[in-house]
Amino acid sequence: MTVRNGDTKARQHPRGAEQRHGFDEIHVLWISEGMSCDGDTISMTAAGQPSIEDIVLGLVPGLPKVNLYNKVLSPAMGGEDFLAPFRAAARGDLEPFILVIEGSIPNQNIIQGEGYWTSFGNDPETGKPLTLNWWLDRLAPRAWAVVAAGTCATYGGIHAMAGNPTGSMGLADYLGWDYRSQGGLPIVNVPGCPIQPENFMETLTWVLYHAAGSAPPPPLDHMLRPQWLFGKTVHEGCDRAAYYEQADFAKDYNSPKCQVKVGCWGPVVNCNVPKRGWMSGVGGCPNVGGICIGCTMPGFPDAFMPFMDEPTGATLSSALIRPYGAVIRRLRGITNMAVNREPRWRHAKSELTSGYDAHWRPREKTSESEEARA
Ligand code: SF4
Ligand code: SF4
């Protein structure tokens, strides 16, 4: 909001969520009953900037009060106590809420006769399991925002690989890529198998600031990923990239060199893990010796298997770089030896050999009269 302050214009921050047209309180309904291993929930608890505790305890300034409902982190002992907010939201009695989905969405339509790929609670009237699809059909149209946590929920992931019997898919494949939430947002995809802890918490925080009315919607790319997190490749943030440039390739997994010839897909994968580390900057993938298997990518895992074979494109690119890299490496080796010596004038002899020239030194002042005579 711009206001007049004397002759100058000054920016004045709106004080309350009401003034910002945002929410003071919001619910986060997290369902991990997709085809899932709960790895994204577990991974999220490792975040420190911010931590999930910071969010739910209201320690991050400017965010709405957050009520988190996640089965792993729930203070409720499960059963109906835990399901109550989900049932209320499905009836339209609980809002606003952010729906977080973990795990891929199985295809119920391919089931012949009765049966369920996955379920979340039972129907109180019939006693039969309520499928994830049932919940999605009721909650997605009412959600203020929908966030997909992990590659399974975003693009289908491992459960949706060739040969799977469940017909699994990502959330956007199920709801439609043009889905818009009550808050006007597309699905916010945070891929990763699992999610990098802070990638997820940073995205959730942005969505919460948007809910508070104090931030624009998070910028997403064509695959609905946060641009600032997935806009660069693994290779662009890998600290082994200098080995690649010098055509110095690892021949086995114990080497500190570039791993492209032993299976690393980093040059073509959108992910920031090597740059960011896993927890507090520690860990990662190719930066610490594990090939990048493209776990954040829509084509994962099929497009990257078998993981430990050299990627097809790497054969050509590494062959092209070999002559240049070998020459540059040698030249740098020579220069490196040269700059690894101290200059010869650094010694303890009685003679100064640094090349110091005192001709510029001003004459010492004696007195004003001597100065005047001079
Ligand atoms: S290890 Fe992988 S990501 Fe790192 S420089 Fe080599 S190819 Fe690129
Ligand atoms: S570096 Fe590769 S394997 Fe590691 S998290 Fe990123 S995409 Fe997945």
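For the single chain, residues carry numbers from 1 onward in sequence order. Read the numbers this way: they start at 1 and go in the same order the structure lists the ligands and their atoms.
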Give the numbers and elements of all ligand 2 atoms closer than 4.0 Å to a heavy atom of Thr296.
-> 7 (S)
Against heavy atoms of Val269, which atoms of ligand 2 measure under 4.0 Å?
-> 7 (S)
Just need the protein heavy atom nearest to atom 2 (Fe) of ligand 2, so name the residue and atom and give the distance.
-> Cys292 SG, 2.3 Å
Does a side chain donor of either Trp135 or Glu33 reach within less than 3.5 Å of an acceptor in the other side chain?
-> no
Mind checking whether Val234 contacts ligand 2 via backbone (N, CA, C, O), side chain (CB onward), both or neither, at a 4.0 Å heavy-atom cut-off?
-> side chain
Atom indices of ligand 1, in the order listed, that fall short of 4.0 Å to a heavy atom of Val260 | 7 (S)
Do me a favour and list the nearest non-hydrogen protein atom to atom 3 (S) of ligand 2 with residue, atom name and distance?
-> Ile293 N, 3.4 Å
Enumerate the atoms of ligand 1 whose separation from the nearest heavy atom of Pro267 is less than 4.0 angstrom.
-> 7 (S)
With heavy atoms of Cys271 as the reference, note each atom of ligand 2 found under 4.0 Å away.
-> 1 (S), 5 (S), 6 (Fe), 7 (S)
Show your working on ring-ring contact (aromatic ring centres under 6.0 Å, His included) between Trp144 and His210 and close with a plain yes or no.
-> CA-CA 11 Å; Trp144 185 81; His210 181 51; 5.5 Å; yes
Taking atom 4 (Fe) of ligand 2 as the reference point, the nearest protein heavy atom with its distance | Cys285 SG, 2.3 Å
For atom 7 (S) of ligand 1, the option (of Ala242, Cys258, Cys238, Gly266) bearing the nearest heavy atom = Cys258
Can you sort out which atoms of ligand 1 are near His235, meaning under 4.0 Å from one of its heavy atoms?
-> 3 (S), 5 (S), 7 (S), 8 (Fe)
CG of Leu130 to CH2 of Trp134: how many Å apart, nearest 0.5 Å?
-> 5.0 Å
What atoms of ligand 1 come within less than 4.0 Å of a heavy atom belonging to Gln259?
-> 1 (S), 6 (Fe)
Result for side chain to side chain contact (heavy atoms under 4.5 Å, CB included) between Trp30 and one of Leu73, Val100, Leu99 points to Val100
Does a sphere of radius 6.0 Å around CE in Met161 hold more than 12 heavy atoms from other residues, nucleotides or ligands, not counting ones at 6.0 Å or beyond?
-> yes
Hey, could you give me the CZ/CD distance between Phe230 and Gln196, rounded to the nearest 0.5 Å?
-> 8.5 Å
Going by the atom numbers of ligand 1, which of them fall below 4.0 Å from some non-hydrogen atom of Cys264?
-> 1 (S), 2 (Fe), 3 (S), 7 (S)
Test applied, side chain to side chain contact (heavy atoms under 4.5 Å, CB included); reference residue, Asp40; option that passes from Cys152, Pro194, Pro191 = Pro194
Do Tyr116 and Asn133 get their side chains close enough for a donor-acceptor pair, meaning under 3.5 Å?
-> no
How far is atom 8 (Fe) of ligand 2 from its nearest protein heavy atom, and which residue and atom name does that atom have?
-> Cys295 SG, 2.3 Å
So, does Thr296 use its side chain to make a donor-acceptor pair with the main chain of Asn270 at under 3.5 Å?
-> yes
